[in-house]
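A short worksheet on the structure shown next.
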Amino acid sequence: MTQIGKVYLVGAGPGDPGLLTIKGKVLLESADVVIYDALVSAEILTIISPYAEKIDAGKRMGRHSLLQQETTELLIAKAREHAVVVRLKGGDPFIFGRGGEEMEDLVAAGISVEVVPGVTSGIAAPAYAGIPLTHRNYSSSVIFVTGHEMAGKYRPGVDWSAIAKAAETIVIYMGIHNLDRIAAELTAAGLAANTPIALVRWGTTPKQQELVATLETIVREVEISQFSAPSIAIIGNVVNLHHILGSHYARSEA
């Protein structure tokens, strides 16, 4: 079948609709079809053209709507029927968003694809919590890593010992479910038990919550407070700035 359309992999950003790029907004307003993930905020979904077909392909821990292969097949089918197909993904498509996998499959199928980057939650959530990931007095390096690893991955797993030594600030996506193991491996690798860690839940939205503790106490604090996903973890001395800067951040309710 002859292709007539194009797929746009659009990053919706971390939740605050004000952080959606102008290009992303224009595409949502002109799309024929939008296939979106679970973590895309309701405010951003309202931007989608009322004439567009909207399909929820949301994936959350333990609650899968469409399998990855099904999502890709759907994108291919829609691109052969419509001119503008938007694959709307939370954060940035290429930062732990499976955008690279989807683009590979689309290109292999002969589908034209364009990526529209988005603000990733690993940068935005700490910023909205008053935690600068780098600071001349605290940290000159930062590393981003996923705490939720896929079965049958290309390598056995994240080398937390290497991560512990690689940067002064560690940002972990999707790590709350494995936090006990991660904290234990980082301390075993040499990070002090009193190293500060912050969890930021629903970052950049009016529902944002923060939990600050240490590697030694974080698992207990999570259990007590029942802090849950979706959360970003930030580890390092920059977390100490949260007490100074966090209360002065005027969070947008837009």
Side-chain angles (χ1 to χ4, degrees), residues 11-17 19 36-45 56-68 88-92 95-98 118-131 133 144-151 157-158 160 163 169-187 191 193 195-236 238-239 242-243 246-247 249 251-253:
D16 183 345
L19 297 180
Y36 60 92
D37 279 345
L39 292 180
V40 176
S41 69
E43 293 83 359
I44 288 177
L45 293 180
D56 183 356
K59 289 182 285 290
R60 291 287 303 279
M61 180 77 68
R63 290 183 293 161
H64 294 266
S65 290
L66 292 179
L67 297 174
Q68 188 64 52
L88 188 61
K89 306 177 77 67
D92 178 87
I95 303 295
F96 304 121
R98 301 185 184 179
V119 178
T120 180
S121 58
I123 292 174
Y128 273 51
I131 302 173
L133 299 183
F144 299 90
V145 60
T146 178
H148 177 63
E149 299 172 63
M150 182 178 70
V158 173
W160 292 104
I163 294 294
T169 303
I170 303 169
V171 178
I172 305 173
Y173 291 69
M174 301 169 285
I176 198 165
H177 295 282
N178 297 317
L179 199 54
D180 54 347
R181 179 177 64 85
I182 293 170
E185 292 200 28
L186 289 173
T187 52
L191 284 188
T195 300
I197 175 172
L199 301 181
V200 183
R201 182 173 187 258
W202 293 114
T204 79
T205 75
K207 298 187 294 183
Q208 178 171 314
Q209 296 174 309
E210 299 106 30
L211 177 64
V212 178
T214 66
L215 286 178
E216 184 177 37
T217 63
I218 187 61
V219 173
R220 183 170 68 252
E221 293 295 332
V222 166
E223 291 173 352
I224 292 170
S225 63
Q226 297 186 322
F227 209 86
S228 60
S231 301
I232 290 289
I234 308 101
I235 301 171
V238 291
V239 172
H242 168 73
H243 301 294
S247 62
Y249 198 97
R251 195 170 302 147
S252 172
E253 298 289 329

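Predicted model, so just to flag it, every value in this text is computed and none were measured. Because only heavy atoms are used, hydrogens play no part in the values below, and waters and symmetry mates are left out as well, while side chains stay in.
The minimum heavy-atom distance linking F96 with M174 is given by the pair CB-CE, 3.9 Å. In plain terms, the two heavy atoms of T169 and L133 that are nearest each other are OG1-O, 3.0 Å.
Looking at V212 and H243, their side chains come closer than 4.5 Å, going by heavy atoms from C-beta outward. For the pair Y173 and T120, the minimum side-chain heavy-atom distance is below 4.5 Å. Counting heavy atoms from C-beta outward, L88 and I44 have side chains that approach closer than 4.5 Å. Two residues are said to be in side-chain contact when any heavy atoms from C-beta on lie closer than 4.5 Å; F227 and R201 meet this criterion. With contacts defined as side-chain heavy-atom distances shorter than 4.5 Å, the pair L179/I172 does not qualify.
In this structure, the side chain of K89 engages the main chain of G97 through a donor-acceptor pair within 3.5 Å. Remark: side-chain polar atoms of N178 are paired, donor with acceptor, to backbone N or O of G147 under 3.5 angstrom.
Separating the OG atom in S121 from the CZ atom in F144 is a distance of 9.5 Å, to the nearest 0.5 Å. If you take CD1 on I182 and OG1 on T187, they are separated by 11.5 Å, rounding to the nearest 0.5 Å. For the atom pair I218 CD1 and L211 CG, the distance stands at 4.5 Å (nearest 0.5 Å). Interatomic distance, CD1 of I131 versus CD1 of I123, reported as 14.0 Å (0.5 Å rounding).
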>> Between I170 and L191, is the side-chain contact (heavy atoms from CB on, under 4.5 Å) condition met? List the steps.
In response: CA-CA 11 Å; I170 303 169; L191 284 188; 4.2 Å; yes
